[in-house]
Peer 1: 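Below is a structure I'd like to ask you about.
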Protein chains: 2
Amino acid sequence: MISHAEENYLKAIFKISEKEAKAASTNAIAAEMQTTAASVTDMLKRLAEKNLIDYEKYRGVQLTTEGSQVATALIRKHRLWEVFLVDKLGFSWDEVHDLAEQLEHVQGNNLIDRLDTFLGHPKFDPHGDPIPDAEGRWSFRQQVLLSTLKPGERAAVTGVDDHSPAFLQYLDQLGLTLGAGLELLERFPYDQSLRVRTPDGRELVLSEKVGQNLFVKIS
Amino acid sequence: MISHAEENYLKAIFKISEKEAKAASTNAIAAEMQTTAASVTDMLKRLAEKNLIDYEKYRGVQLTTEGSQVATALIRKHRLWEVFLVDKLGFSWDEVHDLAEQLEHVQGNNLIDRLDTFLGHPKFDPHGDPIPDAEGRWSFRQQVLLSTLKPGERAAVTGVDDHSPAFLQYLDQLGLTLGAGLELLERFPYDQSLRVRTPDGRELVLSEKVGQNLFVKIS
DNA sequence: TATAAAATTTAGGTTTGTCTAAAAATTAAT
DNA sequence: ATTAATTTTTAGACAAACCTAAATTTTATA
Ligand SMILES: [Mn+2]
Ligand SMILES: [Mn+2]
Ligand SMILES: [Mn+2]
Ligand SMILES: [Mn+2]
């Protein structure tokens, strides 16, 4: 039996380990979980006891195979629920995270596979993040940060790195939702801001920060 | 802020109060919640503290207006999720209760009203139980227990009193799902068992127990 | 290498929700 | 009206998950 809190910690450790190859530190986990280092240490002992992580005092942690499976299953649930909320209930992509954060913990035998079927086996969630399949296999997509494009290159929006509602709402306003096409016209050396043109002929100037948080696929 | 446990107690008290007009007793709540009387007493103090129930030591409890609203909202959520699981995900009516028991606690601003819209504003759940609307208003239906029919009367199945998977699966086997038509042919005085005929001409003999747990609408 | 800074763990405590066993109050039965 | 049975509450504990403050260990710096 794995509690909601334990599941959330495993997911946090998974996310940290995705970015950095080395063991996840107590502080990094505390930051991700928005809690204190002391609380994290408490939990790490419990997770190690259950063989969900390898934990060496003062040395950080890594997920075991089992811990990694639990985290992957949780991410699958989270993202499938997000697809449901957007595709079926009509929420926008900036509204669904907190709901999915709760729904991911609902457990039942066939629930997620049935939901997956109902949704048509989506491979990516509303933020462009890949959804692992029932066996835990991931889809990968050829994508780069908008900031790495060279002037003249055309691309389509495939995802975001920053998932904050503020950023997502700003992208909505700019019309840069998933699938939106664009062409990089110019990068201003002064502040690395980007001038882009959309298929409908609009020209936008995007900050360096936007460029570093928007994934695109070069076409 | 109301916890999951508190919500469940309020729902239990609501259910007990539906059947009996008087105050719900500690033992009745303990039975409904499958816990001990001592745990119930603990919780009753907390709920009274939050003005969700009127509680007098040794005298049982009644929901306040606010407590009743919380319970009604919870039942609405539970039953809408059950409709979702059956209508959209293809679960059968005997599989959905435990899942809905978890889903009912997911909280978010528009979630339930959007789900309601997505489902087409259903008035009854997969077990024939009424779904209160967003303002807490209940639909009522003219229905009686099958056991009260007189020979020669025709009726259609509208709901169940016993919600156990065993009973629901037995009804599936008999073809007595929601909406199924039937005619009472005969009641055997010896054990009050019932001989009924279905529209397709089959004849069934149903025990007194079945008759007392199946709601029908006389046609 | 000694010292300072940062990271991590431990110690001790709180809240929620649960339990068993014992005490108290209510209700039923003689 | 007593006594017996039942119901309910209290007392005392426990586990999960969190906290703050203090101690310890590791890492960085002079
Ligand atoms: Mn999310
Ligand atoms: Mn997402
Ligand atoms: Mn149910
Ligand atoms: Mn139901």
Side-chain angles (χ1 to χ4, degrees), chain A residues 1-13 16-17 19-63 67 70-71 74 101-102 104-107, chain B residues 1-13 16-17 19-63 67 70-71 74 101-102 104-107:
Chain A
M1 203 80 307
I2 300 179
S3 72
H4 290 195
E6 288 168 340
E7 286 187 326
N8 285 332
Y9 273 94
L10 292 173
K11 195 173 65 166
I13 296 166
I16 293 163
S17 303
K19 302 228 164 181
E20 304 240 19
K22 61 185 177 187
S25 75
T26 300
N27 261 2
I29 298 167
E32 176 72 29
M33 293 290 298
Q34 309 211 80
T35 185
T36 62
S39 298
V40 173
T41 302
D42 268 3
M43 181 58 87
L44 295 184
K45 288 180 196 164
R46 271 192 295 263
L47 293 174
E49 189 59 41
K50 293 190 178 185
N51 280 307
L52 294 163
I53 59 172
D54 290 323
Y55 173 42
E56 236 185 310
K57 262 180 161 189
Y58 291 99
R59 289 276 106 100
V61 296
Q62 279 189 305
L63 294 177
V70 172
L74 196 65
E101 209 58 44
Q102 300 175 63
E104 70 189 6
H105 298 292
V106 174
Q107 45 201 344
Chain B
M1 201 83 302
I2 300 178
S3 71
H4 290 195
E6 288 167 341
E7 287 187 326
N8 285 331
Y9 273 95
L10 292 173
K11 196 172 65 164
I13 296 166
I16 293 163
S17 303
K19 302 228 165 183
E20 304 239 18
K22 60 187 176 186
S25 73
T26 300
N27 261 3
I29 298 167
E32 177 72 31
M33 293 290 298
Q34 308 212 77
T35 184
T36 63
S39 299
V40 173
T41 301
D42 270 1
M43 181 58 87
L44 294 184
K45 288 180 196 162
R46 255 172 279 157
L47 293 174
E49 190 59 40
K50 293 191 178 185
N51 279 306
L52 295 163
I53 60 172
D54 290 323
Y55 173 42
E56 236 186 310
K57 259 179 160 188
Y58 291 101
R59 289 275 107 99
V61 296
Q62 279 188 303
L63 295 177
V70 172
L74 197 65
E101 208 58 44
Q102 300 174 65
E104 70 189 5
H105 298 291
V106 174
Q107 44 201 347

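Since the model is a prediction, treat every value here as computed from it, not as a measurement. By convention in this document, chain letters (A, B, ...) are assigned in the order of the sequence lines, proteins followed by strands, and residues within each chain are numbered from 1.
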Peer 1: For D:dA17, take OP1 and OP2 only and decide whether either is under 4.0 Å from a side-chain N or O of A:Ser39.
Peer 2: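 A:Ser39 to D:dA17 OP1/OP2: no side-chain N or O under 4.0 Å.
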Peer 1: Could you run down the sub-3.5 Å N/O contacts of the protein with nucleotides 14-16 of chain D?
Peer 2:
none

Peer 1: OP1 or OP2 of D:dT8 versus the side-chain N and O atoms of B:Thr41: is any pair under 4.0 Å?
Peer 2: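 No, no such contact exists.
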Peer 1: Nearest whole angstrom, please: distance from the P of D:dT8 to the CZ of B:Arg59.
Peer 2: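 Rounded to whole Å, this separation is 10 Å.
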Peer 1: When you check the phosphate oxygens OP1 and OP2 of C:dT10, does a side-chain N or O of A:Lys45 lie under 4.0 Å from one of them?
Peer 2: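 True: A:Lys45 side-chain N/O within range (under 4.0 Å) of C:dT10 OP1/OP2.
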Peer 1: Quick one: B:Glu56 CD to D:dT9 C1', roughly how many Å, whole number?
Peer 2: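 Atom CD in B:Glu56 sits about 15 Å away from atom C1' in D:dT9.
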Peer 1: Reckon A:Thr36 touches a base, only the sugar-phosphate, or nothing at all at heavy-atom distances under 4.0 Å?
Peer 2: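 Base: the residue A:Thr36, judged by heavy atoms under 4.0 Å, touches a nucleobase.
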Peer 1: Whether B:Thr35 contacts C:dC19 is assessed here as follows: a side-chain N or O lying under 4.0 Å from the phosphate OP1 or OP2. Is that the case?
Peer 2: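 The answer is yes; a side-chain N or O of B:Thr35 sits under 4.0 Å from OP1 or OP2.
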Peer 1: Does a side-chain heavy-atom distance below 4.5 Å link B:Met33 with B:Met43?
Peer 2: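 A side-chain contact under 4.5 Å is absent here.
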Peer 1: What is the separation between atom CG on A:Leu44 and atom P on C:dA7, rounded to the nearest whole Å?
Peer 2: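 From A:Leu44 CG to C:dA7 P: 16 Å.
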Peer 1: Which atom names give the shortest non-hydrogen contact between A:Ile53 and A:Leu44, and what distance separates them?
Peer 2: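 Looks like CD1-O, 3.4 Å.
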Peer 1: Which heavy atom in A:Ala24 sits nearest to a heavy atom in A:Ser17, and how many Å separate them?
Peer 2: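 For A:Ala24 and A:Ser17, the tightest heavy-atom pair comes out as CB-OG, 4.5 Å.
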Peer 1: Check B:Glu104 against B:Glu101 and note the closest heavy-atom contact, atom names and distance.
Peer 2: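 Here B:Glu104 and B:Glu101 meet closest at OE2-OE2, 3.0 Å.
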Peer 1: So, is B:Tyr9 close to the C:dT18 phosphate, meaning a side-chain N or O under 4.0 Å from OP1 or OP2?
Peer 2: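 So the side-chain polar atoms of B:Tyr9 do come within 4.0 Å of the phosphate oxygens OP1 or OP2 of C:dT18, strictly under.
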Peer 1: NZ of A:Lys22 versus P of C:dA7: gap in Å, rounded?
Peer 2: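 Taking NZ of A:Lys22 and P of C:dA7, I get 11 Å after rounding.
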Peer 1: Taking A:Lys50 for its side chain and A:Gly67 for its backbone only, find out whether a donor-acceptor pair lies under 3.5 Å.
Peer 2: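 The answer is no, because no donor-acceptor pair under 3.5 Å joins these two groups.
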Peer 1: Which atom names give the shortest non-hydrogen contact between A:Ala48 and A:Tyr55, and what distance separates them?
Peer 2: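 Scanning both residues, the minimum pair turns out to be CB-CB, 3.9 Å.
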Peer 1: Give a yes/no on whether any side-chain N or O of A:Lys57 is located under 4.0 angstrom from OP1 or OP2 of C:dT10.
Peer 2: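 Checking A:Lys57 against C:dT10: at least one side-chain N or O falls below 4.0 Å of OP1 or OP2.
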Peer 1: Which nucleotide in the list C:dT18, C:dT8, D:dA17 gets nearest to the side chain of A:Ser25?
Peer 2: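 Nearest nucleotide to the side chain: C:dT8.
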Peer 1: Starting the side chain at C-beta, find the nucleotide from D:dT7, D:dT10, C:dT10 nearest to B:Asn27.
Peer 2: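 Side chain of B:Asn27 sits closest to D:dT7.
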Peer 1: Whole Å only: how far is the CG atom of B:Asn8 from the C1' atom of C:dT16?
Peer 2: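 Atom-to-atom, B:Asn8 to C:dT16, this comes out as 14 Å.
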Peer 1: Which value, rounded to the nearest 0.5 Å, describes the distance between A:Gln102 atom CD and B:Gln102 atom CD?
Peer 2: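 Rounded to the nearest 0.5 Å, the CD-CD separation comes to 12.5 Å.
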Peer 1: Would you mind telling me which of D:dC18, D:dA21, C:dC19 lies closest to the side-chain atoms of A:Ala38?
Peer 2: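 When the side chain of A:Ala38 is considered, D:dA21 is the closest of D:dC18, D:dA21, C:dC19.
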Peer 1: Measure from the side chain of B:Ala37, starting at C-beta and using heavy atoms only, and say which of D:dT8, C:dT10, C:dT18 lies closest.
Peer 2: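 It is D:dT8.
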Peer 1: In whole angstrom, give the distance that lies between atom CG of B:Asp42 and atom P of D:dA13.
Peer 2: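 The distance from CG of B:Asp42 to P of D:dA13 comes to 15 Å, rounded to the nearest Å.
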Peer 1: What are the two closest non-hydrogen atoms of A:Gly60 and A:Ala23, and how far apart are they?
Peer 2: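 Closest heavy-atom pair between A:Gly60 and A:Ala23: C-CB, 4.0 Å.
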Peer 1: In whole Å, I'd like the distance from the OH atom of B:Tyr58 to the P atom of C:dT26.
Peer 2: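 It is 7 Å, rounded to the nearest whole Å.
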Peer 1: Please state how far atom CE in A:Met43 lies from atom C1' in C:dT9, giving the value in whole angstrom units.
Peer 2: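 The distance from CE of A:Met43 to C1' of C:dT9 comes to 16 Å, rounded to the nearest Å.
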